[in-house]
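Notes for the one structure printed next.
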Protein chains: 2
Amino acid sequence: MKGKLITRDTDYAVRALCFMAINEEEIMPVDKLVEELKIPRPFLRKIMQMLNKKGILHSYKGKGGGFALSVSPDRIFLTDLIEVFQGPLKLNECIFKKNICPNINTCPLKKRIDKIEDYIKTQLQSISLHSLLEKNSKI
Amino acid sequence: MKGKLITRDTDYAVRALCFMAINEEEIMPVDKLVEELKIPRPFLRKIMQMLNKKGILHSYKGKGGGFALSVSPDRIFLTDLIEVFQGPLKLNECIFKKNICPNINTCPLKKRIDKIEDYIKTQLQSISLHSLLEKNSKI
DNA sequence: ACTAAATGATACTAATATGGTATCTTTTTA
DNA sequence: TAAAAAGATACCATATTAGTATCATTTAGT
Ligand code: FES
Ligand code: FES
């Protein structure tokens with residue numbers, strides 16, 4: 001199975017944000033992250049811009065500029081990052097496509113898949129950036 | 001999020017097998033399934049051939065031929081079908097790719113994602129074709 | 001034996017998603 | 001006013017998913 005719960009951009013975002021959380025130098029330019037984390041620069045730039053747009057980072061333009069966390073690491077959750085890069089977590093949408101499926105309300109499969117999805121959401125919601133740093137000082 | 005737990009071929013397989021389980025006419029030609037389920041014929045043929053290869057169906061060649069379940073519906077599970085069409089269920093493989101990630105053993109994120117994956121597997125393992133038919137006489 | 005109706009095998013194509021580049025503009029500080 | 005940053009966008013490459021097309025083989029019935 002190739003379908004991933006967490007794609008590359010989300011992954012990179014986690015790593016970048018973790019690094020920033022550990023190294024509290026306030027303003028972090030992309031180039032420094034690139035150097036430390038070996039993530040392709042243009043890709044990481046796109047990612048950081050996205051996180052800025054979504055309010056997780058704040059950006060400072062011009063010389064000496066860069067990015068800083070605008071949310072505390074214990075308030076950034078994996079679901080948030082997944083939503084930013086992968087859209088709302090939805091692993092099934094009526095397994096028998098809507099137009100074909102007449103019994104979406106009674107279908108026991110739908111119910112069970114929904115239950116699985118709920119569990120996943122709850123779990124991902126409970127994983128904060130902060131909780132990832134605890135025993136993990138260096139990524 | 002576009003990543004699906006269940007892809008189209010698995011989905012079609014579920015529907016075809018359900019239909020066959022309900023209509024116990026022993027030998028079911030693909031054309032009949034196509035007619036009933038509105039699945040693209042060449043695609044469904046590929047799917048049925050796959051299920052045959054994997055031992056879930058038995059095929060009868062030649063005129064009057066078709067497919068029949070070779071396993072009882074209460075012994076066919078969603079995981080089985082997912083494995084046939086999507087390979088082994090694996091939703092994360094070291095979130096920070098193996099070559100970059102030094103701490104796969106201690107990483108709390110890995111542990112938590114693994115736990116989620118285990119839960120999903122257990123749940124999907126518990127969904128049998130039979131259990132999908134119970135209140136669901138017509139797909 | 002012949003034909004029609006079925007599957008087996010396999011190669012090809014199209015659409016979409018993912019991962020990543022390239023380029024040019026704007027802002028800021030020294 | 002030049003260097004160092006981010007902003008904005010358009011583009012490209014690869015992989016996966018979804019589906020088609022074709023031809024060969026097997027079998028039942030006449
Ligand atoms: S048949 Fe549509 S949700 Fe199950
Ligand atoms: S850092 Fe590799 S599994 Fe978490």
Side-chain angles (χ1 to χ4, degrees), chain A residues 1-13 15-16 20 25-35 37-68 70 82 84-87 90-91 97 100, chain B residues 1-13 15-16 20 25-35 37-68 70 82 84-87 90-91 95-97 100:
Chain A
M1 168 175 257
K2 306 297 149 50
K4 280 158 283 180
L5 217 44
I6 288 159
T7 51
R8 198 72 71 89
D9 33 21
T10 307
D11 178 338
Y12 287 162
R15 293 170 62 195
M20 292 176 72
E25 296 163 28
E26 275 313 294
I27 297 180
M28 177 80 69
V30 165
D31 280 320
K32 182 153 183 194
L33 290 168
V34 165
E35 205 182 300
L37 304 174
K38 319 292 186 201
I39 297 168
R41 200 181 102 96
F43 195 21
L44 183 55
R45 264 176 37 81
K46 202 163 66 171
I47 288 167
M48 300 297 275
Q49 285 178 11
M50 198 68 181
L51 291 169
N52 172 44
K53 272 182 190 156
K54 298 291 180 173
I56 293 167
L57 292 177
H58 186 77
S59 80
Y60 300 90
K61 291 164 88 171
K63 194 170 181 176
F67 296 89
S70 68
I82 289 176
V84 167
F85 298 104
Q86 304 171 230
K90 188 178 278 187
L91 292 171
K97 306 302 169 213
I100 326 175
Chain B
M1 168 175 256
K2 306 297 151 48
K4 281 158 282 179
L5 217 44
I6 287 159
T7 51
R8 197 73 71 88
D9 34 20
T10 307
D11 179 340
Y12 287 162
R15 294 169 63 196
M20 291 176 72
E25 296 163 25
E26 275 313 295
I27 296 180
M28 176 80 69
V30 165
D31 280 320
K32 181 150 185 196
L33 290 169
V34 166
E35 205 181 300
L37 305 175
K38 320 291 185 198
I39 296 168
R41 200 181 101 96
F43 196 21
L44 183 55
R45 263 175 40 77
K46 203 164 65 170
I47 288 167
M48 301 297 276
Q49 285 177 12
M50 197 68 182
L51 291 169
N52 172 44
K53 272 182 191 158
K54 297 292 178 171
I56 293 169
L57 292 176
H58 186 76
S59 79
Y60 300 90
K61 292 164 89 171
K63 193 169 181 174
F67 295 89
S70 67
I82 289 175
V84 167
F85 297 103
Q86 305 170 230
K90 188 179 281 188
L91 293 172
I95 189 172
F96 304 142
K97 305 304 170 210
I100 325 176

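Keep in mind it's a predicted model, so treat the numbers as computed, not measured. Here is how names work: the chains are called A, B, and so on, in the same order as the sequence lines, proteins then strands, and each is numbered from 1.
- The separation between B/Phe67 atom CZ and D/dT27 atom P is 14 Å, rounded to whole Å.
- Close to C/dG8, at under 4.0 Å from its OP1 or OP2, lies a side-chain N or O of B/Ser59.
- Here the P atom of nucleotide D/dA5 and the CD atom of A/Glu25 are 13 Å apart, to the nearest Å.
- Comparing A/Asp9 and B/Gly65, the nucleotide of DNA chain C nearest to each residue sits closer to the 5' end for B/Gly65.
- Closest non-hydrogen pair, B/Gly55 versus B/Ser70, comes out as O-OG, 2.6 Å.
- For the atom pair CZ (A/Arg8) and CD1 (A/Ile39), the distance works out to 10.0 Å, reported to the nearest 0.5 Å.
- Overall, the helix from C/dA1-D/dT30 to C/dA30-D/dT1 carries an axis bend of 10° between its ends, with five pairs at each end and the value rounded to 10°.
- From B/Ile82, atom CD1 reaches atom CG of B/Leu5 across 5.5 Å, with rounding to the nearest 0.5 Å.
- Residues satisfying the salt bridge (Lys or Arg N to Asp or Glu O under 4.0 Å) criterion with A/Glu35, sequence neighbours excluded, are absent altogether.
- Between the CD atom of B/Gln86 and the P atom of D/dT17 there is a distance of 7 Å, rounded to whole Å.
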Per-nucleotide protein contact along nucleotides 19-26 of chain D, 5' to 3', at a 4.0 Å heavy-atom cut-off (B base, S sugar-phosphate only, - neither), is BB-----B

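- B/Ile27 places its CD1 atom 12 Å from the P atom of D/dT27, with the value rounded to the nearest Å.
- We find that NE2 of A/His58 is positioned 13 Å from C1' of C/dT27, with the value rounded to whole Å.
- Between the P atom of C/dT18 and the CD1 atom of A/Ile47 lies a distance of 13 Å, rounded to the nearest Å.
- Shown here are the side chain to side chain contact (heavy atoms under 4.5 Å, CB included) partners of B/Lys46, two or more places apart in sequence or in another chain: B/Phe43.
- In this structure B/Asp9 satisfies the side chain to side chain donor-acceptor pair (under 3.5 Å) test together with B/Thr7, sequence neighbours excluded.
- B/Lys53 meets the salt bridge (Lys or Arg N to Asp or Glu O under 4.0 Å) test with no other residue; sequence neighbours excluded.
- Considering only residues two or more places apart in sequence or on other chains, B/Val30 meets the side chain to side chain contact (heavy atoms under 4.5 Å, CB included) condition with B/Val34, B/Arg41, B/Leu44, B/Arg45, B/Met48, B/Phe67.
- Separating the CG atom of B/Leu33 from the P atom of C/dA6 is a distance of 12 Å, rounded to the nearest angstrom.
- In this structure, the CD atom of A/Gln49 is 10 Å from the C1' atom of D/dT9, given to the nearest Å.
- B/Phe85 is linked by a ring-ring contact (aromatic ring centres under 6.0 Å, His included) to nothing, counting only residues two or more places apart in sequence or in another chain.
- Taking every heavy atom of residues 50-57 of chain A and every atom of DNA chain D, pairs under 4.0 Å involve A/Asn52, A/Lys53, by number.
- Checked against salt bridge (Lys or Arg N to Asp or Glu O under 4.0 Å), A/Lys32 has the following partners two or more places apart in sequence or in another chain: A/Glu25.
- Annotation: the span from A/Met20 atom CE to A/Leu51 atom CG amounts to 9.0 Å, rounded to 0.5 Å.
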